[in-house]
Amino acid sequence: MAEVLVFVDHVDGAVRKPTLELLTLARRIGDPVAVVLGGGAGVAAGVLAEHGAVRVLAADAPEFAEFLVVPKVDALQAAVEVVSPVAVLLPSSAENKEIAARLAVRIGSGIITDATDLEAGEEGVVATQSAFAASFTTKSRVSRGAAVVTVKPNSAPVEAAPAAGVVEELVVVFSASARGTKVLSRTPRESTGRPELTEAAIVVSGGRGVNGAENFRVIEALADSLGAAVGASRAAVDAGWYPHTNQVGQTGKSVSPQLYIASGISGAIQHRAGMQTSKTIVAINKDAEAPIFDLVDYGVVGDLFDVVPQLTDEVTARKG
C-alpha cells in the first residue's frame with residue numbers, strides 16, 4: 001500500500017491533537033509514516049503507533065530548535081527521498097504553510113493549503129477546501145508529484161488504530177540556508193486554562209460590539225461555561241481590547257471548531273475567512289442586517305449584553 005508522510009506537531013514528545021487527526025485522514029489514502037523532529041521521539045512513538053503510524057522516522061538535532069523553518073524542510077525532503085510517499089500532510093499553521101510551500105518547490109510538486117477533508121481518487125489524493133466565505137466547496141488534486149497538503153485542525157476525528165509504529169532514524173543533511181534565521185529568544189505563552197484557539201471544539205468570539213476590553217469578561221464567562229476558547233475580531237484586537245494571539249480572521253488565526261459563537265461581530269470578509277469552515281455557527285448581533293447572518297446556522301438579533309449572560313446562565317444551570 002502507498003505510504004503517506006505525516007509531519008508531527010509535538011512538544012517534547014507530547015503529540016498535539018491536529019497530528020492525530022492527520023493520522024486518521026492519512027489512513028484513508030495509504031499507510032501513515034510519521035516524521036518526528038527534535039527530542040521526544042520515544043515518547044511520541046507510542047501515541048503515534050496507537051493512532052495508525054506504521055513507521056516513525058525520527059531525527060534530533062539542535063538546528064530544529066535553534067533555527068526557523070529550513071531545517072524542518074531539509075528533514076521532510078530527506079523523508080520524502082526515503083519513503084517516496086503519495087502525499088505529505090502537515091497541520092495548517094503559519095509556519096507549517098511555509099514549510100509545505102518550500103518543500104513543494106524542492107520536490108517539484110504542488111501544494112494545497114487549509115484542506116478540510118482528504119480522500120483517495122483515481123488519479124491521486126483529492127482535497128476538499130472551502131472558498132469565498134464558505135459559499136463554495138472545492139475539490140482539488142495535485143497533478144504532479146507527491147501532494148503536499150496542510151489540513152485545518154478539527155477536520156477529522158481522532159481515531160485509535162493500533163499499528164507497528166517502528167521507530168527508524170532519519171538521516172538529515174542540512175542545507176546551506178538551514179542556519180539563515182536564528183531563534184534568539186522564546187517566551188512561554190501564559191496559560192489561561194482554556195483550550196488552544198486553533199484546536200478548540202468550541203470557540204466564543206467577540207468583536208466591535210463588545211465595546212471595551214473590560215467587557216470581554218462577558219465573552220470569557222460564556223467560553224468558560226462551555227469549556228471553549230476565546231477569539232476576537234480584528235476590530236477588537238486593533239482597539240487593544242484583546243491580544244492579537246486570539247484574533248480570528250485572514251490576518252489572524254484560522255479556526256474550524258464544531259461550534260463557533262460570534263458576539264458583536266458584523267461579519268466582514270476578513271473575519272469570515274478565518275472561521276467559515278466551522279461546523280455550526282451562531283451569531284449574536286443587534287443589527288439584523290449584519291453580514292454575519294448570511295453565514296450562520298442560528299442567529300440571535302439582540303444586544304449581546306442581554307443575550308450572552310442569559311446564555312451563560314442557562315449553560316451553567318444545565319451543567320449543574
Side-chain angles (χ1 to χ4, degrees), residues 68 92-98 114 133 152-154 183-257 259-278 281-296 299-313 315:
L68 291 178
S92 273
S93 68
E95 181 183 27
N96 285 352
K97 288 178 187 178
E98 182 174 355
D114 289 335
K152 280 190 171 185
N154 293 316
V183 177
L184 297 180
S185 65
R186 284 187 170 87
T187 302
R189 183 177 59 200
E190 293 184 12
S191 175
T192 63
R194 302 186 181 101
E196 161 62 30
L197 181 60
T198 58
E199 301 175 17
I202 304 174
V203 174
V204 180
S205 287
R208 193 189 304 274
V210 176
N211 198 32
E214 66 282 0
N215 294 331
F216 256 88
R217 289 194 296 267
V218 175
I219 305 299
E220 292 175 334
L222 176 57
D224 291 342
S225 72
L226 292 167
V230 175
S233 71
R234 179 172 178 172
V237 169
D238 285 350
W241 300 341
Y242 223 69
H244 180 268
T245 52
N246 293 74
Q247 182 184 333
V248 175
Q250 191 171 18
T251 55
K253 292 182 177 178
S254 180
V255 300
S256 187
L259 173 63
Y260 187 87
I261 301 176
S263 301
I265 296 175
S266 64
I269 190 66
Q270 191 275 345
H271 184 77
R272 292 168 66 163
M275 44 68 73
Q276 63 192 12
T277 56
S278 302
I281 301 172
V282 177
I284 302 166
N285 200 300
K286 62 184 179 181
D287 179 7
E289 303 299 321
I292 191 71
F293 287 124
D294 295 333
L295 182 65
V296 302
V300 179
V301 178
D303 189 326
L304 72 88
F305 295 107
D306 293 329
V307 176
V308 173
Q310 291 184 61
L311 181 56
T312 303
D313 291 344
V315 171

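As the structure is a prediction and not an experimental result, all values here were calculated from the model. The analysis underlying the following values was restricted to heavy atoms, covering all of them including side chains, and did not include hydrogens, waters or symmetry mates.
- At least one donor-acceptor pair under 3.5 Å links the side chain of Ser256 to the backbone N or O of Thr277.
- Summarising the geometry of Thr251 relative to His244, their closest heavy-atom pair is O-NE2, 3.7 Å, with the distance given to 0.1 Å.
- Summarising the local packing, CD of Glu289 is surrounded by 12 or fewer heavy atoms from other residues, nucleotides or ligands at distances under 6.0 Å.
- Between Pro153 and Glu196 there is no side-chain heavy-atom pair separated by less than 4.5 Å.
- In summary, the side chains of Asp114 and Ser92 do present a donor paired with an acceptor at a separation below 3.5 Å, with no hydrogens or angles considered.
- Relative orientation of the Phe216 and Tyr242 rings is parallel, given thresholds of 30° and 60° on the angle between their planes.
- When all heavy atoms are compared, the tightest approach of Lys152 to Val255 is NZ-O, 4.4 Å.
- A donor-acceptor pair is defined here as one N or O able to donate and one able to accept, closer than 3.5 Å; no such pair exists between the side chain of Asn246 and the backbone of Ala232.
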Output, in order, the C-alpha distance, side-chain angles, deciding distance and verdict of side-chain contact (heavy atoms from CB on, under 4.5 Å) for Ser205 and Ile265. CA-CA 8 Å; Ser205 287; Ile265 296 175; 3.7 Å; yes
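- Within 6.0 Å of the NZ atom in Lys97, the count of heavy atoms belonging to other residues, nucleotides or ligands exceeds 12.
- Separating the NZ atom in Lys253 from the OG atom in Ser93 is a distance of 10.0 Å, to the nearest 0.5 Å.
- To the nearest 0.5 Å, atoms CG (Leu304) and CG (Leu311) are separated by 11.5 Å.
- Taking both residues in full, the closest heavy atoms of His271 and Val248 are given as ND1-O, 3.0 Å, listed atom of the first, atom of the second, then distance.
- Looking at Ile219 and Ser263, their side chains come closer than 4.5 Å, going by heavy atoms from C-beta outward.
- Nearest heavy-atom pair across Ala213 and Gly240 is CB-O, 4.4 Å.
- The residue from Ile281, Leu226, Val203 that alone fulfils the side chain to side chain contact (heavy atoms under 4.5 Å, CB included) condition with Ile261 is Leu226.
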Would Phe305 and Asn215 satisfy side-chain contact (heavy atoms from CB on, under 4.5 Å), going step by step from the backbone distance to the final call? CA-CA 9 Å; Phe305 295 107; Asn215 294 331; 3.8 Å; yes
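- Surrounding CZ of Arg194 are more than 12 heavy atoms belonging to other residues, nucleotides or ligands, all under 6.0 Å away.
- In this structure, Glu199 contributes its side chain and Pro195 its backbone to no donor-acceptor pair below 3.5 Å.
- Scanning both residues, Asn285 and Gly264, for their nearest heavy atoms gives ND2-C, 4.0 Å.
- Between the CD1 atom in Ile284 and the CG atom in Asp306 there is a gap of 11.0 Å [rounded to 0.5 Å].
- Across every non-hydrogen atom of Ala200 and Pro257, the tightest pair is O-CB, 3.3 Å.
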